[in-house]
Amino acid sequence: MMVGHRTRLWPGLAALAASPGLAILAIATLLAASPGMGPAGPGSGFDSYIWRVLGFTLVQAGLSTILSLAFALPLTRALARRPVFPGRSLMVKLFGLPLVLPVIVAVFGITAVWGHNGAISNALEAMGLPGLSPLYGLSGILIAHTFFNMPLGVRLLLPVWDSIPGETWRLAGQLGMNSWQIFRLIEFPRLMAAVPGVAMLIFLLCFSSFTVVLVLGGGPRATTLEVAIWQALRLDFDIDRAVALALLQVSACLIAGILFYRLSRTPISAPTEERQVVRPDAASRFGLLADIVWLTAGFLWVMAPLVAITVSGLAGPVADVLGRANIWAAAGRSAAVGVSAGFLALIIGLMLATTARDLAVRSRRSRLADWLEIAGSQTLIVSPVVLGAGLFLLLFPRVPVFDWALPLAALVNGLVTLPYVLRLVGPVLRRTAEHHDRLCAGIGLSGISRFRIVEWPALRRPAATAMALASALATGDLTAIVLFGLDPDTTLALLLYSALGSYRMDQAAVIALLLVATCLSVFIVIEGLGRAASRIGTS
């Protein structure tokens, strides 16, 4: 332990009361709400419907993972093989947009491109060819999941190629290795270390998908556990079935989460120099053509729905929709939920990260610190729907839940976005302690004074970015509010879902564009305030 500093456990313990404390309370409430639930329990049981839902959930998650990686791997290889070309950095940034784009908005954009009346279908009909089938059921779910998770796979796998030392490429060139030999002997071993963890993460995200399946499922045959929980609780109020589905969901996600943790590995080696090294297979004409095809396909795959959202929104009844008072009231409520969730996630994240920092740096208990941060990321295991369902059953007999829809949505979203905050502020706190702990102990600087002088200047920008990201994600979220909210005017996400459900596509286009603008505004304002505070602090 470092001299002059003590490990503070209370911030982390207090934060654990919220996450995973509330998750444990939610699961306990679900269990208590259905004492007869079980394989032979009356009225509930794990009947054929539940097993059919579980089977479809596994199938769509597995197929989504395979398609996402089948697209991401050659595209990432093309990006790695072409480290310099016009627009490369822009393309890499573009692949980050689906990760922060509101899911309900992205689904609208995908429908505008791939739907029965979408751009591709209209183009085929104009050429005298049959148009596309309606985008509902398994096909629509797979397209949407691939849209979201292919870019995620690229962002996670690109560092695997970047970690290959330049000496390896020079040696491959001296040996005259072709593209297949390079892949088999150099790239494949690294991918075997990284791909299982990435695949398990994508599988976990697709397994717990809610909004995509709710909008594009198209009926009971294309229902996942998440949607079935919501239907059992909100539409049928079948507590036994909701509990059975929730237990299956948590159990499956727990197994997948453990596998993800065990399969995630560090790179075999890291680059030993910064000098750019050209791969020996970069000059191949066939390789160049293949890379162009994959890069173009990846760009169009991500860009087409984004363009469709913008074009459809601007071409819609903008003046009519934006002239309604309920639209702006919903935008204000969406922003309020988002900012509240982001602030809550930031406070809990800082408390958890502070104790994790103390354990790792001051007490030399790095493994315990890592487990503390993993506990804070439990929403990968206990999904928002399961968490919300437990809170719904806990509070329903005691308070008017529907009147508290916005605060409850902010609470759930704050816990869901907590992992993003931990990833951004945790390393900064640890690095600051490693660099300045001994000096602060020597001059007797501690407590609030130390935080204000040493830690906050380093934390301002990452904390602002973390809160901005969490707030933007919560602003466009549909999952929590659709569980607690009754009024379709509550938030923009609910308004958009209502418009899509009633096939008012022209109005939906304008609402989708406004929702994107609201999320971007929340992100830009909060991050801008963080940058301004950093400039003032350093001036």
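All values below come from the heavy atoms of this structure, side chains included, with hydrogens, waters and symmetry mates left out.
Here the OG1-CG distance, from Thr211 to Asp477, works out to 6.5 Å after rounding to the nearest 0.5 Å. To the nearest 0.5 Å, atom OG1 of residue Thr475 and atom CG of residue Asn413 are 8.5 Å apart. The CG atom of Leu473 sits 8.0 Å away from the SG atom of Cys519 when rounded to the nearest 0.5 Å. For the atom pair CG of Leu73 and CG of Leu191, the computed distance is 6.0 Å after rounding to the nearest 0.5 Å. Within the model, atoms CG of Leu185 and OG1 of Thr168 stand 11.5 Å from one another, a figure rounded to the nearest 0.5 Å. Of the inter-residue distances, the one linking Leu418 atom CG with Leu344 atom CG reads 8.5 Å to the nearest 0.5 angstrom.
Side-chain contact check for Thr223 versus Arg52: every heavy-atom pair is 4.5 Å or farther apart. Side-chain contact between Val302 and Met150: present, with at least one pair of heavy atoms (C-beta onward) separated by less than 4.5 Å. In this structure, Leu22 and Leu415 have side chains that are in contact, with non-hydrogen atoms separated by less than 4.5 Å. Considering only heavy atoms from C-beta on, Leu247 comes within 4.5 Å of Leu31 through its side chain. The shortest distance between side-chain heavy atoms of Leu152 and Val198 does not fall below 4.5 Å. Two residues are said to be in side-chain contact when any heavy atoms from C-beta on lie closer than 4.5 Å; Ile164 and Arg190 meet this criterion. Side-chain contact check for Leu459 versus Thr432: every heavy-atom pair is 4.5 Å or farther apart. Contact of the Thr224 side chain with the Val227 side chain is registered, since non-hydrogen atoms from C-beta on lie closer than 4.5 Å.
No option in Leu138, Val59, Leu142, Ile143 other than Leu142 meets the side chain to side chain contact (heavy atoms under 4.5 Å, CB included) test with Ser64. When Asp291, Thr76, Leu288, Ile182 are each tested for a side chain to side chain contact (heavy atoms under 4.5 Å, CB included) with Arg81, only one passes: Asp291.
Contact record, Ala80 with Pro83: O-CD, 3.7 Å, taken as the closest heavy-atom pair. Heavy-atom minimum distance, Ala468 versus Glu527: CB-N, 3.9 Å. Nearest heavy atoms, Met91 versus Leu295: CE-O, 3.7 Å. Between Ala244 and Ile50, the shortest heavy-atom contact is CB-CD1, 3.7 Å. When all heavy atoms are compared, the tightest approach of Ala199 to Thr65 is O-CG2, 3.5 Å. Taking each heavy atom of Ala353 and Leu429 in turn, the nearest pair found is CB-CD1, 3.6 Å.
Listed by first then second residue, pairs satisfying side-chain hydrogen bond (donor to acceptor under 3.5 Å, both in side chains) with a partner in residues 90-113 number zero, not counting sequence neighbours.
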Subject >> Verdict with reasoning, Ser209 to His145, per side chain to side chain donor-acceptor pair (under 3.5 Å) >> reply: CA-CA 9 Å; Ser209 176; His145 282 166; 2.9 Å; yes
**OP:** In sequence, state the C-alpha distance, the side-chain angles, and the governing distance for Leu94 and Leu306, and then conclude on side chain to side chain contact (heavy atoms under 4.5 Å, CB included).
**Re:** CA-CA 10 Å; Leu94 176 67; Leu306 302 179; 3.7 Å; yes
Subject >> Phe56 and Ile141: CA distance, side-chain angles, deciding distance, side chain to side chain contact (heavy atoms under 4.5 Å, CB included) verdict >> reply: CA-CA 11 Å; Phe56 180 81; Ile141 293 171; 3.9 Å; yes
Subject >> Worked verdict on Glu226 versus Ser383 for side chain to side chain donor-acceptor pair (under 3.5 Å) >> reply: CA-CA 8 Å; Glu226 287 281 271; Ser383 68; 2.5 Å; yes
Subject >> Trace of the side chain to side chain contact (heavy atoms under 4.5 Å, CB included) decision for Met351 with Thr354 >> reply: CA-CA 5 Å; Met351 294 172 69; Thr354 296; 5.8 Å; no
**OP:** Could you go through the side chain to side chain contact (heavy atoms under 4.5 Å, CB included) check for Leu16 and Thr355 one step at a time?
**Re:** CA-CA 11 Å; Leu16 286 177; Thr355 298; over 6 Å; no
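Aromatic ring orientation, Trp294 versus Phe71: tilted (interplanar angle from 30° to 60°). Note on ring orientation: taking the six-membered ring where Trp is involved, the planes of Trp230 and Phe210 are perpendicular (angle over 60°, cut-offs 30° and 60°).
Remark: Phe343 CZ is loosely packed, at most 12 non-hydrogen atoms of other residues, nucleotides or ligands lying under 6.0 Å away. Within 6.0 Å of CZ on Phe85 lie more than 12 heavy atoms contributed by other residues, nucleotides or ligands.
In this structure, Arg88 contributes its side chain and Arg82 its backbone to a donor-acceptor pair below 3.5 Å. In this structure, Gln181 contributes its side chain and Asn178 its backbone to a donor-acceptor pair below 3.5 Å.
At a cut-off of 3.5 Å, with distance as the only test, a side-chain donor of Arg77 or Ser179 sits close to an acceptor on the other residue.
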